[in-house]
Every structure is written in structure tokens, then in C-alpha cells.
Amino acid sequence: MDLSDTSGREPEEPTEDEETTTTTTTMIRAAVEAVHSSPSQAVLYLTGGASQALGWLMSVPGASNTVLEAVVPYSRMSIIQLLGKIPAKFCSEQVAEELALLAYNRALKLSRTDSPVIGVGFTGSLGGKHPKRGDHRFHVSARTSDRSWVSTVTLSKGLRTREQEDKVSSQFLLKAIANACRVPSTSISELTESDLSIESEKTFDEDEELEQLINGEVCFKMYPFSNDSHASDAERKIILSGSFNPLHDGHLKLLEVASSSPGKGYPCFEISAVNADKPPLSVQEIKDRVKQFERVGKTVIISNQPFFYKKAELFPGSAFVIGADTAVRLINPKYYDGDYKKMLQILIECKSTGCTFLVGGRNVDGVFKVLEDFDIPDVLKDMFESIPPERFRMDVSSTEIRQSRGLL
């Protein structure tokens with residue numbers, strides 16, 4: 001076999017370092033491809049290192065399947081504002097876990113309806129221009145609905161350049177993402193015997209997940225019982241909120257009609273575990289109500305927000321299905337401390353999230369009311385869309401779609 005090139009010189013044999021680099025690059029690419037092939041979607045909050053991981057993730061085709069958002073809060077003030085506090089130590093396992101949890105909640109809001117989500121947090125103190133007194137170390141954490149994984153790595157001082165330390169931390173970050181996606185990440189990290197690595201993992205069962213939701217640690221949990229794969233691709237949700245105690249045919253029919261127009265979005269029910277005027281639902285109460293939706297094959301979301309303006313922040317771009325009587329309460333200053341300007345401000349903020357309201361007519365005290373019977377402020381009119389009464393008429397005696405008294 002002729003191994004000569006066009007210049008007539010034989011190609012040089014690759015050095016051991018070049019072979020190692022090529023092998024590592026191949027393994028990294030394979031891990032990234034596996035991550036992009038998984039259904040998981042992620043938000044990443046990184047500070048103090050692991051910068052190369054973003055390049056690896058973004059340079060391989062399919063990144064849009066995985067990366068919802070990547071934020072680098074590099075300054076102290078940026079981290080403080082993201083965490084909402086001044087941490088005892090900026091580079092710590094606790095900060096990495098807190099960043100991962102924040103990223104997880106952010107991913108819930110940005111992800112496709114049926115996609116598992118991952119929150120990734122990283123904080124590092126790597127080598128720089130001037131010698132460090134402390135260790136060269138980093139902490140990386142990944143959070144999913146049922147797992148929290150964290151790794152702390154202390155690197156040998158003087159063994160690597162800053163760029164090399166960043167590469168090692170990037171490899172660990174990629175490994176964390178791959179583990180969270182449950183895909184292989186074999187031997188993509190380059191640690192030596194003098195480096196120290198400590199890993200730990202916590203798992204959560206359904207009861208613990210719901211407790212976290214009730215306590216405000218997690219913003220919502222979705223039960224995607226629907227088998228409509230076409231609708232699940234939609235980013236927009238059509239949401240019917242209520243207590244659903246019990247769920248009945250009126251609820252099912254209303255959501256079916258509201259979401260039946262082409263391009264409307266993914267239909268789902270939503271229950272708030274937290275009530276403005278009553279104690280929160282218990283874990284068992286939530287599970288009992290969720291079983292109703294499992295039996296009929298309908299998706300339900302359990303959130304921790306009883307107010308529509310807060311739901312709009314959780315589900316940006318969604319359409320909320322309400323009755324005409326609820327619509328008139330939404331625009332009644334009485335529910336905003338009697339302040340008309342406050343009412344406009346809150347609803348305009350809802351509008352800025354892209355949320356709208358689909359309004360069904362309703363029999364109230366023997367009189368059938370529709371959206372057009374009420375005076376909607378001009379600045380809010382495009383937020384409201386009427387469901388034609390010939391398609392659905394809500395009977396107040398049989399259809400319970402109202403939120404708690406803390407509706408707004």
C-alpha cells in the first residue's frame with residue numbers, strides 16, 4: 001500500500017499524545033451525539049469553568065434537541081442575583097446544587113410538553129494568572145425529576161494549565177449531562193491518581209417529588225398520560241385549571257372543544273397543590289386526583305401556583321380555558337385591591353408572557369353569558385378569545401372549572 005503523500009514524503013506516525021487526543025475527541029463526540037439523541041432537554045448555569053463543554057454541545061448537530069438555555073453568571077453580582085442571596089462560598093457543592101435546581105425549574109418552563117428535563121449547575125475555582133492559595137477545584141451537579149447528582153473534583157496544583165483544567169471540568173460536566181440523560185459516557189474524563197473526585201447521588205420517589213412541589217422547591221410536575229404524539233410536539237399548552245374533585249365529562253368536553261382547532265396546542269389539565277385560602281393538598285390527595293386523569297388518558301400538571309398571573313409565568317405562551325364568569329372576575333378591580341391600574345398592570349404582564357384566555361359561555365343565575373357580554377379593556381382584548389356557544393355551553397350546575405377564591 002502506497003502511504004506517500006503528494007510531496008513524496010511518507011506521513012509521520014502520530015505521537016502518543018496525538019493518539020490520546022484523538023481518542024478523547026472521539027469519545028467526547030460520541031457522548032455528545034448520545035446526549036442529543038436522547039429525549040432530555042437541559043438548562044445549564046455555569047460559572048468559573050467548563051466553558052469548552054458548551055462548544056462541544058453546540059458544535060455537534062442536534063444541539064437544539066438538548067440545549068434549551070445556557071447561562072454563564074460569571075461575576076459575583078450575577079451569581080448573587082441568580083441565587084437571590086449571597087452564598088457563604090461561591091465555589092461550593094451547595095451552590096452547584098442550587099444552580100442545578102434553578103436550572104431544572106427553568107427547564108420545566110422552556111421544555112417541550114413530554115420531554116424529561118435536566119438542570120445543570122457548575123461552579124469552579126481553577127488556575128488563573130496568579131497562583132491560588134486554595135485548591136484548584138470544581139463542583140458539578142445535575143438535577144432531574146427523580147435524581148440529584150453532584151461531583152466535587154480537586155485537581156493537582158501545577159499539573160495542568162488553566163485551559164487543561166477547563167477541559168477536565170468540561171469533561172465532567174458532559175459526563176453529568178450524559179448520566180442525567182441515561183446514556184453512555186465511558187472514560188471521557190482525564191484525571192490522574194493525584195486528583196481527588198467525590199461523587200454522590202440522591203433519588204426521589206413520587207411522594208418526595210410531590211413534597212418538594214408543595215414546599216415550593218419544584219414549580220410543577222407533569223403527568224403526560226395522553227397518547228397524542230402529534231399534540232405533544234406543540235410548545236404551546238391549552239390549560240384547563242381547576243380542583244377536579246371529581247373530574248367529569250363536562251371538563252373533558254370543554255378542553256376537547258377548546259383545543260380542537262388546528263394549531264391550538266397541547267391540551268392538559270392543571271391542579272394547584274397550593275390554595276390561596278386553604279391548606280395545600282396532601283400528597284395522597286394529589287395522587288388520588290391524578291389517578292382520574294390516568295384512567296381517561298389525559299395529561300395533568302400539578303403546580304404550586306393558585307393565581308393565573310403566576311401560572312402565566314410557569315406556562316408562558318399558553319392558553320387558559322375559563323368560563324365567562326371567570327373572565328369578568330379577571331378584569332374586575334375588586335380582586336386587585338380595588339385598583340384599576342393594578343389590574344391592568346398584572347394582566348398586561350400576563351399578556352407579555354404570550355398567554356391568552358379561551359372563554360366559554362356560561363349559564364349564570366339562569367342567564368347565558370358569553371365573552372362579548374362583558375366590557376374588556378381595549379389593551380387586553382387580544383388576550384381573550386371566545387369559544388363559540390354552539391360548540392360548548394357550560395352549565396354552572398354540572399361543570400366546575402373555577403379556581404379557588406384566590407383566583408387572581
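Only heavy atoms go into these numbers, but all of them, side chains included; no hydrogens, no water, no symmetry mates. Along the sequence shown, the residues carry numbers beginning at 1.
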Can you check salt bridge (Lys or Arg N to Asp or Glu O under 4.0 Å) on Lys202 and Glu208, steps first, answer last?
CA-CA 11 Å; Lys202 292 179 286 188; Glu208 289 171 319; over 6 Å; no
Could you check Phe357 against Leu371 for side chain to side chain contact (heavy atoms under 4.5 Å, CB included), going step by step and ending with a plain yes or no?
CA-CA 10 Å; Phe357 295 95; Leu371 176 65; over 6 Å; no
Kindly determine whether Ser226 and Tyr266 satisfy side chain to side chain contact (heavy atoms under 4.5 Å, CB included), including the steps that lead there.
CA-CA 10 Å; Ser226 174; Tyr266 182 83; 3.6 Å; yes
Quick one: do Ile80 and Phe90 satisfy side chain to side chain contact (heavy atoms under 4.5 Å, CB included)? Show the steps, please.
CA-CA 9 Å; Ile80 290 169; Phe90 284 82; 4.1 Å; yes
Would Asp325 and Lys369 count as a side chain to side chain contact (heavy atoms under 4.5 Å, CB included) if you check the C-alpha gap in whole Å, the side-chain angles of each, and the deciding distance to 0.1 Å?
CA-CA 8 Å; Asp325 58 331; Lys369 298 287 187 178; over 6 Å; no
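Summarising the geometry, atom CZ belonging to Phe293 is positioned 8.0 Å from atom CG belonging to Leu252; distances are rounded to the nearest 0.5 Å. Taken to the nearest 0.5 Å, the CD atom of Gln212 stands 8.0 Å off from the CG atom of Leu101. Here the straight-line distance linking atom CG of Leu68 with atom NZ of Lys109 works out to 13.0 Å at 0.5 Å rounding. To the nearest 0.5 Å, the span separating CG on Asp207 from NZ on Lys287 amounts to 3.5 Å. Within the model, atoms CG of Leu46 and CG of Leu99 stand 9.0 Å from one another, a figure rounded to the nearest 0.5 Å. Note that the NZ atom of Lys310 and the SG atom of Cys350 stand 10.0 Å from one another [nearest 0.5 Å].
For Ala273 against Ile286, the heavy-atom pair with the smallest separation is CB-CD1, 3.7 Å. Closest approach of Pro39 and Arg112 over heavy atoms only: O-NH2, 4.0 Å. Heavy atoms only, all atoms of each residue included: Val370 and Gly361 are closest at CG1-CA, 4.0 Å. Counting all heavy atoms, side chain and backbone alike, Pro306 lies closest to Val274 at CB-O, 3.3 Å. Between Ala63 and Met58, the shortest heavy-atom contact is CB-CA, 3.9 Å. Scanning both residues, Leu126 and Gly49, for their nearest heavy atoms gives CD1-CA, 4.0 Å.
Judged by distance alone, the side chain of Gln292 and the main-chain N or O of Leu247 form a donor-acceptor pair under 3.5 Å. Remark: side-chain polar atoms of Ser318 are not paired, donor with acceptor, to backbone N or O of Ile238 under 3.5 angstrom. Looking at Asp337, its side chain never comes within 3.5 Å of a backbone N or O of Asp339 through a donor-acceptor pair. The backbone N or O of Leu330 sits less than 3.5 Å from a side-chain atom of Tyr336, completing a donor-acceptor pair. At distances below 3.5 Å, not a single donor-acceptor pair connects side-chain atoms of His136 with backbone N or O atoms of Gly124. Between the side chain of Glu256 and the backbone N or O of Pro267, no donor-acceptor pair lies under 3.5 Å. A donor-acceptor pair under 3.5 Å links the side-chain atoms of Ser169 to the main chain of Ala50, judged by distance alone. Between the side chain of Arg143 and the backbone N or O of Ser148 there is no donor-acceptor pair closer than 3.5 Å. Put simply, the side chain of Lys157 gets close to the backbone of Gly134: a donor and an acceptor are under 3.5 Å apart. Of the possible donor and acceptor atoms, none in the side chain of Asn215 sits under 3.5 Å from a partner among the backbone N and O of Glu217.
Ring geometry, Phe315 versus Phe220: the interplanar angle falls from 30° to 60°, so the pair is classed tilted.
Checked options Leu159, Leu155, Asp195; the residue passing with Val168 is Leu155 (criterion: side-chain contact (heavy atoms from CB on, under 4.5 Å)). Considering Glu385, Arg236, Lys351 in turn, Arg236 is the only one that fulfils the side-chain hydrogen bond (donor to acceptor under 3.5 Å, both in side chains) rule with Thr356. Applying side-chain contact (heavy atoms from CB on, under 4.5 Å) to Ile214 and the options Asn304, Val283, Ile302 leaves one that passes, Val283.
Taking the side chain as every heavy atom from C-beta outward, Thr299 and Met222 approach each other to under 4.5 Å. Side-chain contact check for Leu110 versus Gln41: every heavy-atom pair is 4.5 Å or farther apart. Using a 4.5 Å heavy-atom cutoff, the side chains of Leu240 and Lys298 are not in contact. Proximity of Arg182 to Ser38: side-chain heavy atoms (C-beta onward) are nowhere separated by under 4.5 Å. Within the 4.5 Å cutoff, the side chain of Phe138 has no heavy atoms near those of the Glu165 side chain. Trp56 places a side-chain heavy atom less than 4.5 Å from the side chain of Gln171. The closest side-chain heavy-atom distance from Leu44 to Ile177 is below 4.5 Å. Taking 4.5 Å as the limit, some side-chain heavy atom of Cys91 sits within range of a side-chain heavy atom of Arg137.
Taking the six-membered ring where the residue is Trp, the centroids of Phe269 and His251 are separated by 6.0 Å or more.
Between the side chains of Ser241 and Glu270, at least one donor N or O sits under 3.5 Å from an acceptor N or O. Judged purely by distance below 3.5 Å, without hydrogens or angles, the side chains of Asp146 and Thr203 never pair a donor atom with an acceptor atom. Counting only N and O atoms by type, the side chains of Thr123 and His139 include no donor and acceptor under 3.5 Å apart.
Heavy-atom neighbours of Lys237 NZ from other residues, nucleotides or ligands within 6.0 Å: above the threshold of 12. In this structure, Arg76 places its CZ atom where only 12 or fewer heavy-atom neighbours from other residues, nucleotides or ligands lie under 6.0 Å away. Within a 6.0 Å sphere centred on CG of Asp375, other residues, nucleotides and ligands contribute 12 heavy atoms or fewer.
Using a cutoff of 4.0 Å between basic side-chain nitrogens and carboxylate oxygens, Glu33 and Arg29 are scored as salt-bridged. Between Glu98 and Lys85, at least one side-chain nitrogen of the basic residue sits less than 4.0 Å from a carboxylate oxygen of the acidic one, meeting the salt-bridge criterion.
Cation-pi check for Lys221 over Tyr223 is met; the charged atom lies under 6.0 angstrom from the ring centroid and within 45 degrees of its normal.
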